[in-house]
Amino acid sequence: MKKNIWILLLFIVIGLLAGALVSRWLAPVPGLSFLTKSTQIVWSPSADLLVFSYNITIHLNLSLLGILGVIIAIWLYRKM
């Protein structure tokens with residue numbers, strides 16, 4: 001398989017989703033709360049240029065397991 005930026009982005013998104021799923025499954029375990037606690041990052045660029053306007057809102061919930069998923073995804077991409 002040929003490596004390119006789109007495959008890397010796909011791996012990163014899959015890693016984030018896998019980390020979020022594991023974080024959600026482990027949320028009821030009280031001893032692992034440091035891994036499952038998430039922080040929300042919100043980015044909402046908007047503009048009104050008289051001809052057109054836009055308003056985009058992106059929410060990103062990051063936890064340590066999500067970051068670990070991204071690291072594993074990048075490692076797997078490099079091993080391909």
Side-chain angles (χ1 to χ4, degrees):
M1 179 183 274
K2 187 176 180 179
K3 292 182 179 181
N4 62 26
I5 191 69
W6 297 109
I7 299 295
L8 176 62
L9 287 176
L10 179 67
F11 270 65
I12 289 173
V13 169
I14 290 173
L16 272 174
L17 288 173
L21 283 174
V22 172
S23 177
R24 182 170 285 183
W25 290 335
L26 294 177
V29 180
L32 299 175
S33 63
F34 69 98
L35 290 174
T36 60
K37 185 177 179 183
S38 65
T39 301
Q40 187 176 27
I41 299 171
V42 178
W43 182 50
S44 57
S46 63
D48 186 6
L49 303 174
L50 298 178
V51 178
F52 69 94
S53 64
Y54 66 92
N55 186 5
I56 302 170
T57 303
I58 298 172
H59 294 266
L60 183 64
N61 287 326
L62 279 179
S63 66
L64 283 178
L65 287 173
I67 294 171
L68 184 64
V70 169
I71 291 170
I72 291 172
I74 292 172
W75 179 75
L76 286 174
Y77 177 78
R78 292 183 59 140
K79 289 290 181 183
M80 270 185 7

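Positions are given from 1 along the sequence.
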Starting at OH of Tyr77, measure out to CG of Leu9 and round the result to the nearest 0.5 Å. 9.0 Å
Side chain to side chain contact (heavy atoms under 4.5 Å, CB included) involving Ile56 - partner list, sequence neighbours excluded: Pro45, Tyr54, Ile58
Expected list for residues 19-28: side-chain donor-acceptor pairs under 3.5 angstrom, two or more places apart:
from	atom 1	to	atom 2	distance (Å)
Ser23	OG	Thr36	O	3.4

Are Leu10 and Ile67 connected, step by step, through hydrophobic side chains (Ile, Leu, Val, Met, Phe, Trp, Tyr) whose heavy atoms are closer than 4.5 Å? no
Lys3 side chain vs Leu8 backbone, donor-acceptor pair below 3.5 Å: no
With clusters built from Ile, Leu, Val, Met, Phe, Trp and Tyr whose side-chain heavy atoms come within less than 4.5 Å, directly or transitively, what are the remaining members of the cluster of Leu17, listed by chain and number? Val13
Residues forming a side chain to side chain contact (heavy atoms under 4.5 Å, CB included) with Thr57, sequence neighbours excluded: Val42, Ser44, Asn55, His59
Could you state whether Ile14 and Leu60 fall into the same hydrophobic cluster, counting links through intermediate Ile, Leu, Val, Met, Phe, Trp or Tyr residues with side-chain heavy atoms under 4.5 angstrom apart? no
Using the side chain to side chain contact (heavy atoms under 4.5 Å, CB included) criterion, which residues pair with Asn4? Sequence neighbours excluded. Trp6, Ile7
If you take all heavy atoms of Ile12 and Val70, which pair is closest and at what distance? O-CG2, 4.2 Å
Please enumerate all residues that pass side chain to side chain contact (heavy atoms under 4.5 Å, CB included) together with Leu76, with sequence neighbours excluded. Phe11, Ile72
CG/Leu64 to CG/Leu35 distance, rounded to the nearest 0.5 angstrom? 6.0 Å
